[in-house]
*Asks:* 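Before we start, here is the structure in question, set down as structure tokens.
Worth knowing before you read on, the calculation uses all heavy atoms, side chains too, and leaves out hydrogens, waters and symmetry mates. Heads up: numbering here begins at 1 and tracks the sequence.
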Amino acid sequence: MADKINASNAMIKVLEDWGVNHIFGLPGGSFDSTMNALYDRRETMKYIQVRHEEAGALAAAGEAKFTGKIGVCFGSAGPGAVHLLNGLYDAKHDHVPVLALVAQVPTSMMNTDYFQEIDEGPIFEDVAVYDRTVMTAEQLPSVVDQAIRQAYEHSGVAVVVIPKDLGWMPIKDVVYSTAHDFTLGKTCLKPDAKDVAKAVEMLGNAKKPLIYFGAGARDAAAELKALSDRMKIPMMSSVLGIGVMPEAEKAYMLSAGRVASKPGVDAASTADVVLFIGTNMPFAPFFIHPETQFIQVTNKQTDIGKRHRVDLGIVADAKETLKAMLEVAPQVDSRPYYDTLIEDRANWVEWLAAREDLDHTPLDVDTVFVRINRIAKDDAIFSVDVGNVTIDSFRLLKVKPTQKIATSAWYATMGNALPSAIGAQESYPGRQVFSISGDGGFAMNMQDILTQVKYHEPIINIVLTNEALGFIEGEQDDNHQPHSGVDLIDGNYADAAAGLGAKGFEVHTLDELDVAFAEAAKPQDGPVVIDVKISDERPLPVEQLVLEPDDNHTQADVDAFARTYHSEGLVPVDQLLEKHGLSRCID
């Protein structure tokens with residue numbers, strides 16, 4: 001006869017079989033049976049005590065983004081469960097696997113309006129791909145096993161609600177995990193040869209062709225560059241595609257949109273044929289002309305035509321499609337559009353370089369990212385918050401393919417960077433991890449500096465303090481409305497961090513900035529917080545540049561734009577196109 005084991009202990013063993021070795025959460029009385037199991041399994045399962053359940057869920061989501069493996073978090077009945085939702089929605093929108101274990105009151109107290117009792121199943125119905133309440137002790141480990149399979153299968157959130165008493169109950173100590181039978185991988189759909197030939201023909205006949213890739217082409221950097229080099233086609237990416245291609249690649253224009261570069265916007269808005277591959281970027285229609293010929297390559301049939309009218313749709317794997325295109329792609333010696341955008345990018349890089357050591361008070365944000373890039377190791381991990389910090393990070397970080405970067409891309413929840421960095425550090429304890437936040441986002445989850453301190457996580461936390469919700473401030477400016485609710489009072493986050501046990505630096509000058517980063521670069525036994533007081537200047541709005549007079553702008557408008565955004569030296573793309581015998585028009 002099999003030995004007996006408490007159901008919660010069996011459940012933890014299931015997690016271990018799936019390769020999970022840590023779990024984020026904050027206990028409550030309703031979770032006592034599982035906390036006891038975590039104590040029993042403490043040699044093989046690390047419990048990481050966060051200070052807010054939202055931080056635990058965001059840490060699990062961040063871990064899943066950086067690793068591709070399932071992140072696990074938990075919350076107690078009632079308020080603990082509800083606190084999980086923001087992090088779980090972040091995971092849902094960014095399509096990463098997360099398991100949430102949610103406590104419930106004992107079965108004998110359910111449906112009696114007991115203390116902290118709520119009907120938790122419906123709360124998670126929308127966010128979860130799998131949402132079940134355990135009914136018997138015997139099924140607890142098996143339900144969790146199935147939940148993990150579903151989270152992986154659907155790249156989403158699985159929720160298991162566990163009544164407190166069931167976790168205490170003894171069940172047979174047998175193998176409940178199916179991890180050894182599960183194959184995690186993607187189906188590499190191969191493209192049709194005729195479609196490949198047609199795509200190459202369209203790109204070859206174009207005057208202004210463009211490769212627009214996303215995170216779905218993450219394993220195809222070599223093929224992207226080879227196609228770009230062979231056919232002389234410039235490249236750009238979605239924001240989530242940043243890091244696929246080396247930032248220094250001369251034919252890579254970065255991204256388009258508000259979180260973007262000037263050459264990225266110029267490329268998207270002037271191309272006449274676009275190879276849209278491995279991305280579902282929702283803002284493409286705002287920059288790519290409606291009449292631009294559109295070749296879309298995706299492994300999801302339902303995404304074909306979702307963002308732009310499609311001239312050629314290919315349901316296939318990005319890497320396989322690029323390999324097939326390279327087999328038939330002709331060698332092109334030169335292309336005016338390629339030369340135009342390389343010159344455009346060089347002008348952009350030169351403009352940025354001139355801003356690297358501006359000695360202003362408050363400091364210019366560019367100076368901060370120069371220091372981040374200087375001390376960032378080749379395998380550094382960047383966890384980026386939401387707001388102007390997103391624009392600055394994805395524009396100014398020189399991300400290498402050997403590094404990792406993530407944010408709350410689709411859900412865009414403020415306060416995600418610090419907890420997500422915790423998830424990254426626990427997954428990669430030997431790697432350098434940065435969290436980069438504005439003062440608005442940092443204040444939302446700064447309590448979990450305590451978590452970084454408790455577990456000796458040497459995370460470098462950068463706070464860009466401009467005393468404003470700058471991104472919303474910019475939106476209010478665009479709507480020609482008065483600033484309302486966007487002003488923030490200053491705080492000394494360095495002293496606050498020191499009070500929580502971290503090493504803190506408050507920075508006002510370039511000299512102080514250099515001292516802080518020199519210290520942060522040294523080996524640490526815990527977190528560092530660098531609170532940099534920066535000017536409340538809107539990042540250059542590359543999506544609405546005013547660089548020369550046109551039908552909508554006078555020279556006075558150009559001069560006013562330059563005074564506000566220091567845009568002197570940036571060359572309008574129309575001038576570069578004309579120089580190379582091209583125009584913006586889509587034939």
Side-chain angles (χ1 to χ4, degrees), residues 24-27 46-59 62 79-80 83 86-87 361-363 365 368 371-372 375 382-387 389 413-426 429 432-469 487-509 511-534 536:
F24 306 96
L26 188 65
K46 181 180 181 181
Y47 161 55
I48 301 167
Q49 177 201 71
V50 294
R51 294 306 184 95
H52 194 293
E53 291 88 353
E54 178 188 15
L58 286 168
H83 280 165
N86 243 5
T361 303
L363 286 166
V365 72
V368 184
R371 274 72 184 174
I372 296 174
I375 72 167
F382 304 104
S383 177
V384 178
D385 219 303
V386 169
V389 64
T413 185
M414 288 176 62
N416 78 91
L418 190 154
S420 181
I422 293 172
Q425 192 72 84
E426 288 296 329
Q432 183 188 48
V433 176
F434 293 83
S435 82
I436 309 175
S437 308
D439 46 339
F442 184 77
M444 285 187 166
N445 271 314
M446 63 181 289
Q447 77 285 332
D448 272 273
I449 288 293
L450 287 165
T451 302
Q452 297 181 9
V453 170
K454 181 170 184 174
Y455 299 102
H456 304 281
E457 297 173 340
I459 296 170
I460 302 171
N461 301 276
I462 311 298
V463 188
L464 303 173
T465 299
N466 65 339
E467 301 181 41
L469 298 174
D487 58 309
L488 302 175
I489 63 170
D490 192 15
N492 188 329
Y493 296 109
D495 280 359
L500 299 177
K503 186 177 289 186
F505 298 90
E506 187 178 50
V507 172
H508 296 269
T509 68
D511 287 343
E512 292 173 351
L513 190 65
D514 286 330
V515 168
F517 273 87
E519 287 297 313
K522 297 177 182 177
Q524 304 289 337
D525 188 44
V528 174
V529 175
I530 304 176
D531 178 15
V532 189
K533 308 304 182 182
I534 63 169
D536 182 26

*Asks:* Apply the test side chain to side chain contact (heavy atoms under 4.5 Å, CB included) to residues Glu54 and Met444: give CA-CA distance (whole Å), side-chain angles for both, the deciding distance (0.1 Å), then the verdict.
*Replies:* CA-CA 10 Å; Glu54 178 188 15; Met444 285 187 166; over 6 Å; no
*Asks:* Atom CZ of Arg51 and atom CD1 of Ile449: how far apart are they, to the nearest 0.5 Å?
*Replies:*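 Between atom CZ of Arg51 and atom CD1 of Ile449 there are 12.0 Å.
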*Asks:* Distance from Asp487 atom CG to Asn466 atom CG, nearest 0.5 Å?
*Replies:* 11.5 Å
*Asks:* For the pair Asp385 (side chain) and Gly415 (backbone), establish whether a donor and an acceptor sit closer than 3.5 Å, ignoring hydrogens and angles.
*Replies:* yes
*Asks:* Under the rule for side-chain contact (heavy atoms from CB on, under 4.5 Å), what residues qualify as partners of Pro362, not counting sequence neighbours?
*Replies:*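 Checked Pro362 against side-chain contact (heavy atoms from CB on, under 4.5 Å); matches are Ser535.
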*Asks:* Applying salt bridge (Lys or Arg N to Asp or Glu O under 4.0 Å), which residue pairs with at least one partner in residues 442-463 are found, sequence neighbours left out?
*Replies:*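 Salt bridge (Lys or Arg N to Asp or Glu O under 4.0 Å) check on residues 442-463 returns no pairs.
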*Asks:* Using every non-hydrogen atom in the two residues, find where Phe505 and Ala494 come nearest and quote the distance to one decimal.
*Replies:*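 So the minimum-distance heavy-atom pair works out to C-CB, 3.2 Å.
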*Asks:* For the residue pair Asp439 and Glu467, what are the closest heavy atoms and their distance?
*Replies:* OD2-N, 3.0 Å
*Asks:* Are Tyr47 and Pro27 close enough that some pair of their side-chain heavy atoms sits under 4.5 Å apart?
*Replies:*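 Yes, side chains in contact.
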*Asks:* I want to check something: taking the side chain as every heavy atom from C-beta on, are Gln425 and Gln452 in contact at a cut-off of under 4.5 Å?
*Replies:*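 Gln425 vs Gln452: side chains apart.
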*Asks:* Tell me, which pairs form a ring pair (Phe, Tyr, Trp, His ring centres under 6.0 Å) where one or both residues lie in residues 511-530, sequence neighbours left out?
*Replies:* none
*Asks:* Could you work out, with ring pair (Phe, Tyr, Trp, His ring centres under 6.0 Å) as the rule, every residue matching Tyr455, not counting sequence neighbours?
*Replies:*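 Listed in chain order: nothing, the list is empty.
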*Asks:* Any idea which heavy atoms bring Ser437 and Ala417 closest together, and the distance?
*Replies:*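 Closest heavy-atom pair between Ser437 and Ala417: OG-CB, 3.6 Å.
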*Asks:* Nearest 0.5 angstrom please: Leu450 CG to His52 NE2, how far?
*Replies:*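 Those atoms lie 13.5 Å apart.
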*Asks:* Output, in order, the C-alpha distance, side-chain angles, deciding distance and verdict of side chain to side chain contact (heavy atoms under 4.5 Å, CB included) for Thr413 and Val386.
*Replies:* CA-CA 6 Å; Thr413 185; Val386 169; 5.9 Å; no
*Asks:* Which atom pair, heavy atoms only, marks the closest approach of Gln524 to Pro458?
*Replies:* O-CB, 3.6 Å
*Asks:* I want to check something: taking the side chain as every heavy atom from C-beta on, are Asn86 and Leu58 in contact at a cut-off of under 4.5 Å?
*Replies:*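 Not in contact.
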*Asks:* For Thr509 and Glu512, indicate whether the former's side chain and the latter's backbone hold a donor-acceptor pair under 3.5 Å.
*Replies:* yes
*Asks:* Main chain of Ile375, side chain of Gln432: is a donor-acceptor contact present, judged purely on distance under 3.5 Å?
*Replies:*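 Side chain of Gln432 to backbone of Ile375, a donor-acceptor pair under 3.5 Å: yes, one is there.
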*Asks:* Can you tell me how far the CG atom of Asn416 sits from the OG atom of Ser383, to the nearest 0.5 Å?
*Replies:*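 Asn416 atom CG to Ser383 atom OG measures 5.5 Å (nearest 0.5 Å).
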*Asks:* What distance do Leu363 atom CG and Leu513 atom CG have between them, rounded to the nearest 0.5 Å?
*Replies:* 6.0 Å
*Asks:* Compare every heavy atom of Met446 with every heavy atom of Leu500, then report the nearest pair and how far apart it is.
*Replies:* CD1-O, 3.8 Å
*Asks:* Enter the distance from Leu488:CG to Leu469:CG here, rounded to the nearest 0.5 Å.
*Replies:* 4.5 Å
*Asks:* For Gly504, is there any backbone N or O sitting under 3.5 Å from a side-chain donor or acceptor partner on Glu506?
*Replies:*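 Absent.
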*Asks:* Kindly determine whether Gln49 and Thr451 satisfy side chain to side chain contact (heavy atoms under 4.5 Å, CB included), including the steps that lead there.
*Replies:* CA-CA 7 Å; Gln49 177 201 71; Thr451 302; over 6 Å; no
*Asks:* Looking at Asn461 and Ser435, what are the two nearest heavy atoms and their distance?
*Replies:*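 Between these two residues, the closest heavy atoms are OD1-OG, 2.6 Å.
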*Asks:* Please set out all donor-acceptor pairs under 3.5 angstrom arising from side-chain atoms of residues 526-534, sequence neighbours excluded.
*Replies:*
| unit_1 | atom_1 | unit_2 | atom_2 | d |
| --- | --- | --- | --- | --- |
| Asp531 | OD1 | Thr465 | OG1 | 2.5 |
| Asp531 | OD2 | Tyr493 | N | 3.2 |
| Asp531 | OD2 | Lys533 | NZ | 2.7 |
| Lys533 | NZ | Asp490 | OD1 | 2.8 |
| Lys533 | NZ | Gly491 | O | 2.9 |

*Asks:* With sequence neighbours excluded, what pairs up with Asp536 under the salt bridge (Lys or Arg N to Asp or Glu O under 4.0 Å) test?
*Replies:*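 With neighbours one apart ignored, the set is empty.
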